[in-house]
Amino acid sequence: MIDKNKRILISSALPYVNGLPHLGHLIGCLLSSDVFARFMRLRGFDVMYVGGVDFHGSPAELGAIKEGKNVEDYCNDYAKKHKEIYDGFLLSFDCFGSTHSKENQELVYEAFEGLEKNGFIFEKTLKQVFSKADNMFLADRYIEGTCPYCGYEKARGDQCENCTKLLDPSDLLNPVSAISGSSDLEITDTKHLFLQLQDLQPELEKWLKDKENNSDNNLTWDKQTYGIAKKWVSEGLKERCITRDLKWGFVVPRDGYENKVFYVWFDAPFGYLSIVKEKNPARFDDFWKKPDETLYFQFMGKDNVPFHAVFFPSVLIGAGDKYKKVDVIKSFSFLNYEGGKFSKSAGRGVFAEDALKELPCDYWRYWLLCNTPESDDVNFSFAKFASDINKDLNDILGNFILRVLKFYNKKYGDVISEIPAESIKNVFNEYNHIIEKTSKLIESYTNNFENLKYRKAMEDLRAIWVIGNEFIDYAAPWVLDKTDSIKTQAILIFAMNLIRIYAVLLSPVCPTFAKKILDIFGIDFNPISNKQTIKWVDYENMIDEMSVISFGQKLNIPDSMFNKISDEQVELWKEKFKA
RNA sequence: GGGAAUGUAGCUCAGUUGGUUAGAGCAGGCCGCUCAUAACGGUCUGGUCGUAGGUUCGAGUCCUACCAUUCCCA
């Protein structure tokens with residue numbers, strides 16, 4: 001169990017500014033982190049959930065040129081789109097920003113100075129291709145030409161896509177700029193700064209050691225994440241370039257580097273710190289400067305692990321080790337789309353903005369959480385999506401809620417009538433096993449959630465819902481009603497208390513669905529606010545938890561809970577999103 | 001080419017430190033129920049655990065090689 005006194009810092013990997021997310025990105029860092037943040041808030045933790053957008057790097061600069069825009073405007077426009085999508089998916093960031101801020105620049109400069117002072121920075125001259133027509137140095141992959149091995153004419157300067165051979169730009173025959181098509185290229189010497197990662201390796205290894213098998217099991221990294229980190233270390237860290245010949249970014253504060261900026265991998269992770277510093281400066285020190293009082297969880301796709309597990313911690317250590325380093329990295333595999341990959345350019349796949357046009361976000365949130373790619377890549381298919389939504393949400397949960405409430409309403413009206421307290425107590429005794437079973441599963445659900453085992457947690461949740469149907473089938477109020485109306489009511493009140501608990505348990509995953517259920521009982525819950533009006537279920541005190549809904553309670557019974565997805569709809573979607 | 005991860009029922013996945021007849025959900029068969037969006041509950045069927053070797057009294061679980069998929073690096 002996580003120490004109740006710790007503050008909880010959570011960050012979701014910062015997506016690249018001109019890459020709008022698809023369903024895989026959503027589950028791979030955004031949703032998974034949001035759900036965890038919501039869960040921890042409900043349990044009473046002091047949570048700081050950070051998100052944002054990564055502005056720097058050459059794709060943004062080139063994208064802006066292509067659209068004839070100023071780079072900063074271009075980034076801000078995209079950032080706005082990101083934010084709209086995240087709001088649409090109800091991501092509950094406490095702080096949201098970008099890597100392009102004065103706060104971030106300060107932190108990056110401070111780290112750079114620290115690294116330099118501690119002797120981890122050195123200069124090296126490289127040969128790089130300069131394009132006069134574009135007036136910029138070109139990254140290897142922005143140079144195209146004929147592959148000297150296979151003759152493919154569109155080979156890139158780093159690799160030939162046709163024969164997969166690795167290339168150096170100077171290998172290419174007839175090289176041209178991929179940006180302007182200009183062949184007026186020249187190879188020039190250019191100086192760059194490098195980080196001596198190898199010198200930081202001993203300290204990094206010391207830090208990494210307890211991540212494989214922490215005495216506190218909650219803090220042990222999963223196999224894949226630790227494996228990736230270990231692989232880098234066991235191969236031996238190498239020097240890594242931290243500067244680039246670009247205009248867009250933080251200018252390197254050093255004589256002779258006026259035309260160079262820091263490499264995006266170097267400045268982007270400082271965004272996690274700077275976004276808090278910018279948006280909520282009063283809490284910056286609490287979360288970032290008191291490592292023993294805070295637990296820090298990072299969420300990301302598996303491709304992002306080396307930066308978070310190896311490079312960034314090394315940078316922090318080398319710069320003087322002044323800030324909180326990550327405790328748990330939760331990394332995710334990828335979501336595939338109907339057997340292939342998501343592809344924006346080919347229009348294949350459901351992108352976040354499209355998803356929201358088709359269904360409210362909680363349907364997507366639910367499915368993605370149930371099918372989180374935790375150990376291996378996972379395939380999204382509309383057929384599976386529809387089947388999971390229909391079975392779990394409609395048939396198991398939604399149906400349970402409606403059969404209880406509609407039956408009560410039909411027989412006894414829409415306000416819970418008072419019955420002898422004795423009858424309630426009797427039902428508690430008779431169905432104590434239902435309470436105990438539910439309590440055990442909630443404990444398991446809570447632990448799995450805390451350990452970030454999402455698939456297992458969702459299995460628990462589903463199993464908890466099944467108990468409700470099991471109970472009502474066995475108790476059969478529609479039969480009992482003919483002989484014992486008082487007991488029937490007691491049973492239905494018991495079931496309504498289960499429903500309330502189900503809503504609380506569902507709320508981190510599907511906030512609007514939880515609200516819809518809690519609205520039945522007039523319980524105040526705001527899916528958007530980070531201020532909690534409800535609490536997590538105390539599974540050790542089930543009698544109280546099962547006594548919340550009681551006499552005099554007005555019931556606002558909806559006609560339906562969730563919508564089913566028809567086979568026809570599945571076919572339409574497959575067509576529309578090129579499955 | 002090197003490394004990391006994954007490969008378990010038709011589908012989606014669990015399988016803790018190696019130990020009795022390999023688990024769950026979905027799909028399919030059957031029984032029960034009729035309060036509920038024909039929704040629920042129970043039950044059954046279904047796997048030579050990627051392939052080939054090896055260690056062991058005993059391996060899905062450890063070792064070796066190979067194959068396939070994914071990611072990272074070169």
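In the text below, chain A, chain B and the rest are named by the order of the sequence lines, each starting its count at 1.
- Separating the C1' atom of U48(B) from that of U12(B) is a span of 23 Å, rounded to the nearest Å.
- Distance CG (Asp392(A)) to P (C40(B)): 10 Å, rounded to an integer number of Å.
- Note on Ser333(A): nothing from the nucleic acid sits closer than 4.0 angstrom, heavy atoms only.
- Asn394(A) comes within 4.0 angstrom of a nucleotide base, judged by non-hydrogen atoms across all strands.
- Comparing the C1' positions of U34(B) and G46(B) gives a spacing of 31 Å, expressed to the nearest Å.
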request  = Could you walk me through whether Phe494(A) and Phe471(A) pass ring-ring contact (aromatic ring centres under 6.0 Å, His included), step by step?
outcome  = CA-CA 10 Å; Phe494(A) 186 94; Phe471(A) 163 71; 4.8 Å; yes
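- Spacing of C1' atoms, U43(B) relative to U51(B), comes out at 37 Å, to the nearest Å.
- Of the C1' atoms belonging to G18(B) and A59(B), the separation is 6 Å, rounded to the nearest Å.
- Near-neighbour residues of RNA chain B inside residues 440-460 of chain A, defined by a heavy atom below 4.0 Å, number-ordered: Arg455(A), Lys456(A).
- Contact annotation for Val378(A): backbone-only contact, meaning every heavy-atom pair under 4.0 Å involves sugar-phosphate atoms and none involves a base.
- For the contact set between residues 497-516 of chain A and RNA chain B, defined by any heavy atom under 4.0 Å, there are no members.
- A heavy atom closer than 4.0 Å to some atom of RNA chain B occurs in Gly227(A), Ile228(A), Lys231(A), Trp232(A), Glu235(A), these being the qualifying members of residues 225-237 of chain A.
- In this structure, Lys330(A) forms a cation-pi arrangement with Phe332(A), its terminal cationic atom sitting closer than 6.0 Å to the ring centre and no more than 45° off the ring axis.
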Write out a two-atom table: protein N or O, nucleotide N or O from nucleotides 28-32 of chain B, distance below 3.5 Å.
none

ask   = Tell me, what's RNA chain B's dot-bracket, Watson-Crick or G-U with both distances under 3.5 Å, | for other-strand, [ ] crossing?
value = (((((((..((((.....[...)))).(((((.......))))).....(((((..]....)))))))))))).
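- Distance check on atom P: A27(B) versus U69(B) gives 31 Å, rounded to whole Å.
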Find every protein N or O atom lying less than 3.5 Å from an N or O atom of nucleotides 6-9 of chain B, and list the pairs.
{"from": "U6(B)", "atom 1": "OP1", "to": "Lys223(A)", "atom 2": "NZ", "distance (Å)": "3.2"}
{"from": "U6(B)", "atom 1": "O2'", "to": "Asp376(A)", "atom 2": "OD2", "distance (Å)": "2.2"}

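- To the nearest 0.5 Å, atoms CG (Leu26(A)) and CG (Leu368(A)) are separated by 6.5 Å.
- Look at the C1' atom in both C40(B) and C72(B): the space between them is 48 Å, to the nearest Å.
- The cationic atom of Lys211(A) (NZ for Lys, CZ for Arg) does not lie both less than 6.0 Å from the six-membered ring centre of Tyr226(A) and within 45° of the ring axis.
- For U21(B) and U17(B), the C1' atoms lie 23 Å apart once the distance is rounded to whole Å.
- Residue Val466(A) is in sugar-phosphate contact alone, with no base atom involved, counting any heavy-atom pair closer than 4.0 Å across all strands shown.
- Note: Phe307(A) and Trp265(A) have tilted aromatic rings, judged against thresholds of 30 and 60 degrees for the angle between ring planes.
- G54(B) sits 14 Å from U61(B) when the P atoms are compared, rounded to a whole Å.
- Residue contacts for Lys406(A): at a heavy-atom cut-off of 4.0 Å it reaches the sugar-phosphate backbone alone, with no base atom in range.
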